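To start, the structure itself, in structure tokens.
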Amino acid sequence: QVQLVESGGGLVQPGGSLRLSCEASGFSFAFYSIGWFRQAPGKEREGISCISKSGGTTYYADSVKGRFTISRDNANNKVFLQMSRLSPEDTAVYYCAADSSGKFCGSPDYWGQGTQVTVSS
């Protein structure tokens, strides 16, 4: 069975850092681009980052560019999101997703259940 499991969320103070992890199983992980998305209550889901199959190409939304870094470890079927200089606007449920198409994280095939990130003093 296909599974994507996020971890690493929690409560952090403004200006702090947090690293999210996504572990995949049940499919050929190295043949999928992997994206990170987030959704806050009352807001649309936002695509914030994507990494290509080999890790050679990355994308960041303007809202996180310069603060977040995506990486992947294909040997262990994992992708990471290092988040720095966090602000309350980053509070959301964060999801990872896998995309096998030629559209760079534009049409995910599989989604994780999400992990809550709360930025508050």
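All values reported here derive from a predicted model rather than from experimental measurement.
Note that CD of Glu44 is 7.0 Å distant from CD of Gln39, once rounded to the nearest 0.5 Å. Rounded to the nearest 0.5 Å, atoms CG (Asp99) and CD1 (Ile51) are 14.0 Å apart. Atom CD1 of Ile70 sits about 11.0 Å away from atom CZ of Phe80, to the nearest 0.5 Å.
A distance-only check finds a donor-acceptor pair linking the side chain of Glu6 to the backbone of Cys96 [under 3.5 Å]. Put simply, the side chain of Arg67 gets close to the backbone of Arg85: a donor and an acceptor are under 3.5 Å apart. A side-chain donor-acceptor contact under 3.5 Å links Asn74 to the backbone of Lys53.
The minimum heavy-atom distance linking Leu4 with Ala98 is given by the pair CD1-N, 3.9 Å.
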Report task. Just do the side-chain contact (heavy atoms from CB on, under 4.5 Å) check on Asp90 and Leu18 with the steps written out, would you? Result -> CA-CA 11 Å; Asp90 296 312; Leu18 205 62; over 6 Å; no
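Checked against ring pair (Phe, Tyr, Trp, His ring centres under 6.0 Å), Phe27 has the following partners two or more places apart in sequence or in another chain: Tyr32, Tyr110. Judged as a side-chain contact (heavy atoms from CB on, under 4.5 Å), and not counting sequence neighbours, the contacts of Thr57 are Ser52, Phe104. Take Asp62 and apply the side-chain contact (heavy atoms from CB on, under 4.5 Å) test, not counting sequence neighbours, and it matches Lys65. For the side-chain hydrogen bond (donor to acceptor under 3.5 Å, both in side chains) test, no residue two or more places apart in sequence or in another chain qualifies with Gln82.
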Could you give the side-chain donor-acceptor pairs of residues 111-121 under 3.5 Å, partners two or more places apart or in another chain?
from	atom 1	to	atom 2	distance (Å)
Thr115	OG1	Gly9	N	3.3
Gln116	NE2	Ala92	O	3.4
Gln116	NE2	Thr118	OG1	3.4

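The ring pair (Phe, Tyr, Trp, His ring centres under 6.0 Å) contacts involving residues 45-71 comprise nothing, where partners must be two or more places apart or lie in separate chains.
Hydrophobic clustering of Ile, Leu, Val, Met, Phe, Trp and Tyr side chains at less than 4.5 Å, counting indirect connections, unites Phe29 with Val2.
Checking Phe37, Tyr95, Tyr94 one by one against Ile48, the side chain to side chain contact (heavy atoms under 4.5 Å, CB included) holds for a single residue, Tyr94.
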